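Inspection log for the structure reproduced underneath, given as structure tokens.
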Amino acid sequence: RVRGLSLKIQQHPMYLYSMACPVKMSWLEGFNLKELFLKHFLIITEIFAVIIAIVWPLPGSKLSHPTISLVIVAIIFLFTGFKLRTDELRSGVKSLDVVLVCCISSLFITSLVPSYIVHTLPFDDRVKGVNDTSFSFGPLELKLGISLFYCAPATIATGIVMVTGAEGDVVTAVAVSTITNLVGCFTTPLLFSLFADADTMAQDSLKILMKLGLSLLLPMTIGKLLTVVIPKSKAVIAEHKRKIGMLQSLGICIILWIKLSSSIKKGTFKLIVATDMVILVGILIACHFLVLLLNFLISISCCFKREQASVILILCSQKTIVLTAAIATALPENIGDSALILLPCFIAHPLQMLIDSFFIQPLQTSNLFPAFLPEFCERCREVKHDPQSHRRLFDTGQSPN
């Protein structure tokens, strides 16, 4: 029977076709479902969190307590402290001017410009029953969420991986990521207060700072000290780096599940219609392209090399979701519904990675820059080191005219 079945299989047209044309079936080779799941773990868990919150919001709404959210945030930032690579800061000092420009761009320029533009757009306060605009892009919480996301610093892991793929300056990228995430714990709440309700933020500023200190700075400091005090911990963390990142992603998605379940249980999430979501995605795409344009102009004006330009274009254009979710849990309730504030953040984070992935290949060959820029920037660097060489700056080897 086995021989007969084997003979039938060998005589089947699809088997003969696959043996005659093995290249046609090669698209299945190398496909690893497990690796695909691990690579996109955050996005997949976000989708599951949203589905579970919509289908069965009761468990998440029961867990909607400030203490639970703060404990989860503290665990997330304990892992962030494990992953902080401060050893590369000494190497990053060699290109201190590049690191400084990248930090200013990530913390201030790419935070204030898109947040201010979004702040001028019409949004209504329909959650509180106030709708005094004839045309609205959606609830006021969506605007606050966009501002909160863009006030955050650069990503820790994703941006560095993309810079590595673009063959950029990885040492500078690590230094910029570390500095911006340390400084961003202080700058992000301050910048966000410029676009939120100033009176509410001023009244609860002390409570917010205490929550952020206990849930962000203290765990992150403990995590980093553990890596310094225990010598073998660095090797263990490097070995289980992916698992630590997955635990961070899981904690972020648990916060999303709790906040979304609570919002659905209250009925505030029903106030968002389909057109609000379409407009929100359009605004987020436009804001990210604006940030890319700003960093592109900065890299040209500073005459960065290709490796350095990759850092500011990719890393400084991305915003971390970890600090955003942590600050959203520490905000007072009278600012707005925290689930609606987090919604733009969880949409913008995978969206920015998707858009930036298309620029990795062009950045490897410097096709994003006009042909004359590399030569002109090299002459600018010569002028910087030799002031007498300014006569050769625009020298093209042709006549003076």
Side-chain angles (χ1 to χ4, degrees), residues 40-47 49-50 76 105-107 109-121 123 137-159 161-162 177 180-181 184 187-189 191-192 195-196 248-249 252-253 255-257 259-260 263 269 272 274-295 313-329 331 336-359:
H40 304 285
F41 181 77
L42 177 60
I43 299 174
I44 294 171
T45 47
E46 283 179 8
I47 294 171
V50 172
I76 292 171
S105 172
S106 177
L107 291 172
I109 298 175
T110 58
S111 298
L112 293 173
V113 175
S115 298
Y116 177 76
I117 293 174
V118 172
H119 187 68
T120 59
L121 299 177
F123 285 84
F137 285 150
L140 183 64
E141 285 81 358
L142 298 183
K143 179 169 71 172
L144 295 176
I146 299 171
S147 299
L148 177 61
F149 180 77
Y150 279 100
C151 288
T155 54
I156 296 177
T158 311
V161 171
M162 286 191 169
S177 177
T180 53
N181 277 272
T187 59
T188 303
L191 293 176
F192 176 68
F195 306 102
Q248 273 189 310
S249 302
I252 293 169
C253 292
I255 292 175
L256 174 65
W257 168 59
K259 297 295 182 182
L260 191 59
S263 178
F269 206 79
I272 296 180
T275 54
D276 296 337
M277 296 299 296
V278 173
I279 292 172
L280 175 63
V281 173
I283 291 173
L284 292 173
I285 292 173
C287 285
H288 190 66
F289 276 106
L290 174 63
V291 168
L292 286 170
L293 178 62
L294 289 171
N295 285 327
L313 277 175
I314 295 179
L315 182 67
C316 298
S317 298
Q318 295 182 357
K319 302 294 181 177
T320 179
I321 189 67
V322 179
L323 187 61
T324 305
I327 293 175
T329 57
L331 292 176
D337 188 80
S338 56
L340 297 183
I341 293 174
L342 279 172
L343 181 63
C345 307
F346 280 96
I347 295 175
H349 186 257
L351 199 61
Q352 66 181 4
M353 292 189 291
L354 177 64
I355 295 172
D356 291 347
S357 63
F358 292 100
F359 293 97

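Being a predicted model, the structure only gives us computed values, none of them experimental.
- Atom-to-atom distance recorded for Leu323:CG and Asn181:CG is 7.0 Å, nearest 0.5 angstrom.
- Put simply, the side chain of Thr110 does not reach to within 4.5 Å of the side chain of Ser317, judged on heavy atoms.
- How far CG of Leu142 is from CD1 of Ile283: 8.5 Å, rounded to the nearest 0.5 Å.
- In terms of the side chain to side chain donor-acceptor pair (under 3.5 Å) criterion, residue partners of Thr155 (sequence neighbours excluded) are, by chain and number, Gln318.
- Going from atom OG of Ser105 over to atom CG of Leu294 covers 7.5 Å, rounded to the nearest 0.5 Å.
- In this structure, Lys319 contributes its side chain and Ser106 its backbone to a donor-acceptor pair below 3.5 Å.
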request  = With side chain to side chain contact (heavy atoms under 4.5 Å, CB included) as the test, would you mind laying out the steps for Phe149 and Cys287 before giving the verdict?
outcome  = CA-CA 11 Å; Phe149 180 77; Cys287 285; over 6 Å; no

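- The closest side-chain donor-acceptor pair between Thr329 and Lys259, if any, does not fall under 3.5 angstrom.
- Here the straight-line distance linking atom CD1 of Ile109 with atom CG of Asn295 works out to 8.0 Å at 0.5 Å rounding.
- Side-chain atoms of Thr45 come within 3.5 Å of backbone N or O of Leu42 as a donor-acceptor pair.
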task = I would like to know whether Val50 and Phe346 meet side chain to side chain contact (heavy atoms under 4.5 Å, CB included); could you show each step before the answer?
result = CA-CA 11 Å; Val50 172; Phe346 280 96; over 6 Å; no

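- Taking CD1 from Ile117 and CD1 from Ile146, the interatomic distance works out to 12.0 Å, rounded to the nearest 0.5 Å.
- For the pair Leu351/His288, no side-chain contact is recorded, criterion being any heavy-atom separation below 4.5 Å from C-beta on.
- Using a 4.5 Å heavy-atom cutoff, the side chains of Pro114 and Val291 are in contact.
- In this structure, Leu292 and Phe359 have side chains that are in contact, with non-hydrogen atoms separated by less than 4.5 Å.
- Proximity of Ile76 to Ile255: side-chain heavy atoms (C-beta onward) are separated by under 4.5 Å at one or more points.
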ask   = Would Ile285 and Val281 satisfy side chain to side chain contact (heavy atoms under 4.5 Å, CB included), going step by step from the backbone distance to the final call?
value = CA-CA 6 Å; Ile285 292 173; Val281 173; 3.9 Å; yes

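- Between Leu343 and Met277, some side-chain heavy-atom pair lies under the 4.5 Å cut-off.
- Of all heavy-atom pairs spanning Asp337 and Ser263, the tightest one is OD2-OG, 3.1 Å.
- Side-chain contact check for Phe289 versus Ile355: some heavy-atom pair is nearer than 4.5 Å.
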inquiry  = What verdict does the side chain to side chain contact (heavy atoms under 4.5 Å, CB included) test give for Phe192 and Leu144, after you've listed the backbone C-alpha separation in whole Å, the side-chain angles of each residue and the deciding distance to 0.1 Å?
reply    = CA-CA 8 Å; Phe192 176 68; Leu144 295 176; 4.3 Å; yes

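- Within the 4.5 Å cutoff, the side chain of Val118 has no heavy atoms near those of the Phe195 side chain.
- Panel note: side chain Thr320, backbone Ala154; no donor-acceptor pair is recorded below 3.5 Å.
- Within the model, atoms OG of Ser338 and CG of Leu331 stand 8.5 Å from one another, a figure rounded to the nearest 0.5 Å.
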